[in-house]
Student: 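Pasting a structure here, questions to come.
Note on naming: letters A, B, ... go to the chains in the order of the sequence lines (proteins, then strands), and numbering restarts at 1 for each one. Note that this is a predicted model, so its numbers are computed, not measured.
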Amino acid sequence: MVRVRFAPSPTGLLHVGNVRIAILNYLFAKKNKGKFILRLDDTDQERSTKESENFILEDLKWLGIQWDEFYRQSENISKYEIAANRLKSCGRIYPCYETKEELSLKRKIQSTKMAPPIYDRAALSLTEQEAKKMEAAGRKPYWRFRLNDTQVMEWTDLVHGKISIPLSSISDPILIKPDGSFVYTLASVVDDIDMRITHIIRGDDHITNTAVQMDIFQAIFGKYPAFAHVPLLSSIDGIDVSKRYRSPLSIVNMRNDGVEPRALWCILATHGTANNKDPADNLETLMKKLSFEKMSLSSPKFNPEEIKLLTKKIIAEKSFDDVKADLEKLKLKNISQKFWDTIKGNLYSIKDVVFWEEILFDKIDIIKEDENFVNQMLKTLQNPMDFEQWIKDLSQISGRRGKNLFHPIRIVLTGLNNGPELIKVVGLLGYDGVKLRIENNLKA
RNA sequence: GUCCCCAUCGUCUAGAGGUCUAGGACAUCGCCCUUUCACGGCGACAACACGAGUUCGAAUCUCGUUGGGGACGCCA
């Protein structure tokens, strides 16, 4: 049974990068008829916030990602204690006393010496007396995992294929902080074992972590799950894809901007693959298309404009019934089937409805048109009006055809260069509306 | 600096030694359709980072260079 987890830390907002990983995990679980587990990695009590947690849950619900199981790391601390004790008893973790300043100094020296920036394990050779002295001086120990530094960690990554990293090139990771709290590196492994995770699907930025965590997996469990490291989205035009706060690419932002969740699914599930981004794709087709093996290995540049474009296409396909509920939320007065059918092809976001409601029912920016022509518009106007007839008459009297004929009408009636089909616009404005706008244009 | 990963049109990519005058999709531009916006149809533009090697033959294999991304936290 496939079991995967999405494990965000509630220290900021979800963004396209995060959510892409969530979607990939979800799709993989569904494809294999497995379980999708949501786990909030909130071991860092100082940074984790309830507010951020709420945003994450709402974002996932908005996307339609349903989790089969839910956990918080802050509720699993007793399990980490058991694991830590086991590691202590077999000597795989050891106490250290260096301060952050001392460590950063060591790193600086190593850097100038061109030596690898690795903890020198000085604490390992501390005598019991020296350790006691430290503690007497008020220093509290924190604990490092002793990596098996003779080993070269090797695994067959679902995306990359063979990856190998010598553990000798990595620092012994700190697992327990001086206050006794546990660091993600340990907590995550313990939970993944406890939750019987079969596949860890995460970003490329975790590759080094994986080497470390595999060693920890081995130490406490004897085996480890399969890994898929997905190349990170890279930015285009200097927009930081993974900025945690106030990112223009945060999901909260997109929700508020009226982005279609399905646009996000189509793009994020297929970006970095040979699959085309098709607005018609649903969960089923995306599931079928998913293949880690076929995923490209270089980090794809991500262009947020694509979201807008796909959103537009998806909205244009929607029926009035599909959007009724969304439209009601916007609290507009003039919502009707006719109105929707008129404007639906011109929306980049469902919120653009507000704009078109104003244009079609309220007021426009008047752009002065050729007075002679506008007078002809008024003269040929009949009540009750017949659009086709009106255009015919107007064409005859003015000698205009095609764009020359329609564009000025569009300008007079909407104040815009483009928009919905004019026959529909006129249908909504009615005789009085059309007449009023023509007169206003003459007055201006 | 140390370690890891990567390199084909503007963007996402196909391509596993000859079928590549390098294919598709999005974007852009043009034409057609519609006496208008859009949709749709057709078409155009546009790429193998560089240098050596291996080979009869290299986008494809090897090495190097350059360039990009990531990791190196008492974050996750």
Student: Does a salt bridge link K318(A) with E260(A), judged by any charged N lying under 4.0 Å from a carboxylate O?
Tutor: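 E260(A) and K318(A): salt-bridged.
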Student: Mapping P300(A) and D205(A) onto RNA chain B by nearest heavy atom, which one lands closer to the 5' end?
Tutor: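 First, find each residue's nearest nucleotide; the 5'-ward one identifies P300(A).
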Student: Write down the distance between CG (N303(A)) and P (C12(B)), rounded to a whole number of angstrom.
Tutor: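 Going from N303(A) (CG) to C12(B) (P), I get 9 Å.
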Student: Could you tell me whether the side chain of S181(A) and the main chain of K177(A) form a donor-acceptor pair under 3.5 Å?
Tutor: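 Not a single qualifying donor-acceptor pair exists.
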Student: Nearest to the side chain of I163(A) - C74(B), C4(B), A71(B)?
Tutor: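 Given the options C74(B), C4(B), A71(B), the side chain of I163(A) is closest to C4(B).
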Student: Within the 4.0 Å heavy-atom criterion, would you say Q213(A) contacts the bases, only the backbone, or no part of the nucleic acid?
Tutor: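 Result for Q213(A) = nothing.
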Student: Taking NE2 from H160(A) and C1' from C4(B), how many angstroms apart are they, rounded to a whole number?
Tutor: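 Checked: the NE2 to C1' distance equals 10 Å.
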Student: What is the distance, rounded to the nearest whole Å, between atom NE2 of H229(A) and atom P of C3(B)?
Tutor: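 Atom NE2 in H229(A) sits about 20 Å away from atom P in C3(B).
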Student: Who does C37(B) pair with, Watson-Crick or G-U, both distances under 3.5 Å?
Tutor: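 Checking every strand shown, C37(B) finds no partner, since no pair has both distances under 3.5 Å.
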Student: Identify whether the distance between the nearest side-chain nitrogen and carboxylate oxygen of D281(A) and R262(A) falls below 4.0 Å.
Tutor: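 R262(A) and D281(A): not salt-bridged.
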Student: Report yes if at least one side-chain N or O of T43(A) is closer than 4.0 Å to OP1 or OP2 of A76(B); otherwise report no.
Tutor: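 Yes.
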Student: In whole angstrom, give the distance that lies between atom NZ of K313(A) and atom P of A25(B).
Tutor: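 It works out to 12 Å between those atoms.
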Student: Any idea which of C37(B), C3(B), C12(B) is nearest the K301(A) side chain?
Tutor: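 Looking only at heavy atoms from C-beta outward on K301(A), the closest nucleotide is C12(B).
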Student: By nearest atom, which of the nucleotides U36(B), C74(B), A76(B) is closest to the P178(A) side chain?
Tutor: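 The nucleotide sitting nearest to the side chain is C74(B).
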Student: Under 4.0 Å, heavy atoms only, any strand: does L405(A) hit a base, just the sugar-phosphate, or nothing?
Tutor: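 Contact class for L405(A): base.
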Student: Who does U2(B) pair with, Watson-Crick or G-U, both distances under 3.5 Å?
Tutor: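 Base-paired to A71(B).
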Student: If you check every side-chain atom of M114(A), which of C12(B), G1(B), C74(B) has the closest atom?
Tutor: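 Out of C12(B), G1(B), C74(B), the nucleotide with an atom closest to M114(A)'s side chain is G1(B).
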Student: For A52(B), what is the paired nucleotide under Watson-Crick or G-U wobble rules, both distances under 3.5 Å?
Tutor: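 A52(B) is paired with U62(B).
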Student: Taking NZ, NE, NH1 and NH2 as the nitrogens, is one of them in R121(A) or D149(A) under 4.0 Å from a carboxylate oxygen of the other?
Tutor: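 Yes, R121(A) and D149(A) are salt-bridged.
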Student: Under 4.0 Å between a side-chain N/O of S296(A) and OP1 or OP2 of U13(B), yes or no?
Tutor: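 Looking at the OP1 and OP2 atoms of U13(B), one of them is under 4.0 Å from a side-chain N or O of S296(A).
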Student: To the side chain of Y184(A), which of A14(B), A76(B), C75(B) is closest?
Tutor: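 Taking heavy atoms from C-beta onward, the closest nucleotide is A76(B).
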Student: Of the nucleotides C6(B), A76(B), C12(B), which one has an atom closest to the side chain of L297(A)?
Tutor: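 The nucleotide sitting nearest to the side chain is C6(B).
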Student: Listed by chain and number, what are the side-chain contact (heavy atoms from CB on, under 4.5 Å) partners of D370(A), not counting sequence neighbours?
Tutor: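 D370(A) satisfies side-chain contact (heavy atoms from CB on, under 4.5 Å) with N372(A), F373(A), R400(A) only.
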Student: In terms of side-chain heavy atoms of I174(A), which of A76(B), C74(B), C37(B) is nearest?
Tutor: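 So the side chain of I174(A) is nearest to C74(B).
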Student: Considering only atom P, compute the distance from G41(B) to A25(B) and round it to an integer number of Å.
Tutor: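 Straight-line distance between the two P atoms is 11 Å.
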Student: Determine whether the aromatic ring centres of residues F145(A) and Y94(A) are separated by less than 6.0 angstrom.
Tutor: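 Y94(A) vs F145(A): aromatic centres not under 6.0 Å.
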Student: Determine the interplanar angle of the H229(A) and F227(A) rings, folded into 0 to 90°, and report it as parallel if under 30°, tilted if 30 to 60°, perpendicular if over 60°.
Tutor: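 Judged by the thresholds at 30° and 60°, the geometry between H229(A) and F227(A) is parallel.
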Student: Measure distances between side-chain N and O atoms of D204(A) and base N and O atoms of A71(B), and say whether any donor-acceptor pair falls under 3.5 Å.
Tutor: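 No, no donor-acceptor pair under 3.5 Å.
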Student: Using the P atom in both, what is the distance from U21(B) to G30(B), to the nearest Å?
Tutor: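 The same atom, P, in both gives a distance of 31 Å.
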Student: Hey, can you pull the residues of residues 355-365 of chain A with a non-hydrogen atom under 4.0 angstrom from RNA chain B?
Tutor: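 By residue number: none to list.
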Student: In whole angstrom, give the distance that lies between atom CD1 of I409(A) and atom C1' of C37(B).
Tutor: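 It works out to 13 Å between those atoms.
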Student: Expressed as a whole number of angstroms, how long is the span from R139(A):CZ to C74(B):C1'?
Tutor: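 These atoms are roughly 14 Å apart.
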Student: Between A71(B), A76(B), A14(B), which one does the side chain of V183(A) approach most closely?
Tutor: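 Nearest to the side chain of V183(A) among the choices is A76(B).
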Student: Does any nucleotide pair with A44(B) by Watson-Crick or G-U wobble geometry, both distances under 3.5 Å, and what is it?
Tutor: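 Its partner is U28(B) (Watson-Crick or G-U wobble, both distances under 3.5 Å).
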Student: Which nucleotide wins on minimum distance to the side chain of N276(A), given the candidates C74(B), A25(B), U35(B)?
Tutor: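 Among C74(B), A25(B), U35(B), the one nearest the side chain of N276(A) is A25(B).
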Student: When the nearest nucleotide of RNA chain B is assigned to P117(A) and to D41(A) on a heavy-atom basis, which residue is associated with the more 5' position?
Tutor: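 Nearer the 5' end of the strand: P117(A).
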Student: Side-chain N or O of R401(A) less than 4.0 angstrom from OP1 or OP2 on U36(B)?
Tutor: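 So the side-chain polar atoms of R401(A) never come under 4.0 Å of the phosphate oxygens OP1 or OP2 of U36(B).
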Student: Would you mind checking if K106(A) and E98(A) are paired as a salt bridge, meaning a charged N to carboxylate O distance below 4.0 Å?
Tutor: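 So E98(A) pairs with K106(A) through a salt bridge.
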Student: Is H206(A) stacked on the base of A76(B) when the test is centres under 5.5 angstrom and planes under 30 degrees?
Tutor: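 Check passed, H206(A) stacks on base of A76(B).
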Student: Can you measure M134(A) atom CE to C74(B) atom C1' for me and round it to whole angstrom units?
Tutor: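 Taking atom C1' of C74(B) as the reference, CE of M134(A) is at 16 Å.
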Student: Could you check how far CG of L310(A) sits from C1' of C39(B), rounded to whole Å?
Tutor: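 These atoms are roughly 16 Å apart.
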Student: Centre of W155(A)'s six-membered ring, under 6.0 Å away, within 45 degrees of the axis: is that where NZ or CZ of K162(A) sits?
Tutor: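 Ring-cation test returns no.
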Student: Say you pick atom C1' in U19(B) and the same atom in U36(B); how far apart are they, in whole Å?
Tutor: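 Their C1' atoms lie roughly 48 Å apart.
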Student: If you measure from the Lys or Arg side-chain nitrogens to the Asp or Glu carboxylate oxygens, is any gap between R72(A) and E75(A) under 4.0 Å?
Tutor: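 Yes.
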Student: Distance between the P atoms of G17(B) and A59(B), in whole angstroms?
Tutor: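 It comes out at 13 Å once rounded to the nearest Å.
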Student: P166(A) side chain: which of U35(B), C12(B), C3(B) is closest?
Tutor: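 Within the option list, the nearest is C3(B).
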Student: Look through every strand shown and name the nucleotide pairing with G17(B) as Watson-Crick or G-U wobble, where both distances are under 3.5 Å.
Tutor: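 G17(B) is paired with nothing.
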